[in-house]
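What follows is a set of notes on a single structure, which appears directly below.
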2 protein chains.
Amino acid sequence: MSHVLGHELRVTLLRLARRVRAERADDAMSDARLSVLFALFNEGAQTLGSLSEHERVTPPSMNRTINSLVESGIVTRVSDASDGRKVTIDLSPEGRRLVKETRRKRDAWFASRLASLNPDERAALDAAAPILRRLADQ
Amino acid sequence: MSHVLGHELRVTLLRLARRVRAERADDAMSDARLSVLFALFNEGAQTLGSLSEHERVTPPSMNRTINSLVESGIVTRVSDASDGRKVTIDLSPEGRRLVKETRRKRDAWFASRLASLNPDERAALDAAAPILRRLADQ
DNA sequence: TATTGTTATACTCTATAACTATA
DNA sequence: TATAGTTATAGAGTATAACAATA
């Protein structure tokens, strides 16, 4: 792959990702909030400290985000029984529903784009997907 | 392409884009500011209204962002000679340098990832790049 | 004494409403 | 009167510093 094609591919990835991210379940749900919900959905209930590390924000910042999510009834905050300093954050049923709905909308948007491709083109993306995945995981 | 693979590809794109975006020329340059600089670099000098539409923020919001960029010497604000209501925003030499440096850093980061692939894998990405591009442009 | 979370405070980016200058 | 930009004000998300509770 040439430098030029590497650049093109990178720019394309950024643009495509921007479009996908615009597909939310609810416009009132910001990127920061939604990202927390996906972390809880994918990796399960966690302490506030764990979440702040995962999202790479400070504990006070995550605390404020969690406060607003708790007020909205989207996550729950429970004190740890064995260590009183810790709190466990988890999705409420409403939070879980919201994650699923957002995921469904994004998948549907992306699938509608893929539907315009011919079989050869889809095969090319099929082949590229695991390679891109490895790049992201590196 | 199956639904499952579509979902995987979409998630991978989001993760990869997040990693690329983290590569900035200068950590003091936020996403909002940098996005304005890239718009000016790619599409040339524009009015404030045009920029606010492009970035999908309100004019007052864009105005504030432009104020701070002008104060930092990164863009210039010039009144239109033929229509006194309009102002034209453009990159300063420093702004242009910053865009190029950011682009270089992101390309370098991405190239270092691509370097770990074998020729077949690079060929697969080569084939996928124009297809992804079409998806993004749709 | 170290760890976990929270509160206090401030800065940036966003918005809506109201205003100024120009066409 | 309509348009382009700006100012006033407020809310969300980020940070650092200081504090409280618990181990």
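Side chains included, hydrogens not; waters and symmetry mates left out as well; all remaining heavy atoms used. These numbers come from a predicted model, not from an experiment. Letters go in sequence order (proteins before strands), and every chain restarts at 1.
When distances run from any side-chain atom of D83(B) to the nucleotides dT6(C), dA23(C), dA10(D), the shortest one goes to dA23(C). When each of dT6(C), dG5(D), dT9(C) is scored by its nearest atom to the side-chain atoms of T47(B), the top-ranked nucleotide is dG5(D). With dG5(C), dT14(C), dG13(D) as the candidates, the nucleotide lying closest to the side chain of L48(A) is dG5(C). Side-chain proximity of V57(A) to the nucleotides dT4(C), dT14(D), dA15(C) is greatest for dT14(D). Here the side chain of R85(A) is nearest to one of dA23(D), dG5(C), dC13(C), namely dA23(D).
Among the atoms of the strands shown, only primed sugar atoms or phosphate atoms (P, OP1, OP2) are found under 4.0 Å from some heavy atom of S82(B). Base contact: T58(B) has a heavy atom under 4.0 Å from a base atom. Residue contacts for S79(A): at a heavy-atom cut-off of 4.0 Å it reaches no nucleic acid atom on any strand shown.
Per the geometry, CZ belonging to R64(A) stands 16 Å off P belonging to dT12(C), to the nearest Å. L69(B) has its CG atom 12 Å from the C1' atom of dT12(C), to the nearest Å. Atom C1' of nucleotide dT14(C) and atom CG of N63(B) are separated by 13 Å, given to the nearest angstrom. To the nearest angstrom, P of dT14(D) lies 17 Å from CZ of R33(B). Summarising the geometry, the separation between CZ on R77(A) and C1' on dT4(C) is reported as 12 Å, rounded to the nearest angstrom. Atom P of nucleotide dG13(D) and atom CG of D31(A) are separated by 10 Å, given to the nearest angstrom. As a whole-Å value, the separation of E53(B) CD from dG5(D) C1' is 14 Å. Between the CG atom of L34(B) and the C1' atom of dC13(C) there is a distance of 15 Å, rounded to whole Å.
Toward the 5' end of DNA chain D, the nearer of the two residues P60(B) and R56(A), judged by each one's closest nucleotide, is P60(B). Residue-to-nucleotide proximity on DNA chain D shows that, of M62(A) and A81(A), the 5′-proximal contact is made by M62(A).
By the 4.0 Å N-to-carboxylate-O rule, D137(A) lies too far from R19(B) to be salt-bridged with it. Between R103(A) and D107(A), no side-chain nitrogen of the basic residue sits less than 4.0 Å from a carboxylate oxygen of the acidic one, so the salt-bridge criterion is not met.
H54(A) and E43(A) share a side-chain donor-acceptor pair at under 3.5 Å.
For the pair R15(B) and L135(A), the minimum side-chain heavy-atom distance is 4.5 Å or more.
Note that CG of L51(A) is 10.0 Å distant from CD of E53(A), once rounded to the nearest 0.5 Å.
For the OP1/OP2 pair of dC13(C) and a distance below 4.0 Å, the side-chain nitrogens and oxygens of S30(B) include at least one atom meeting the criterion. Proximity of S61(A) to the phosphate of dG13(D): no side-chain N or O atom is located under 4.0 Å from OP1 or OP2.
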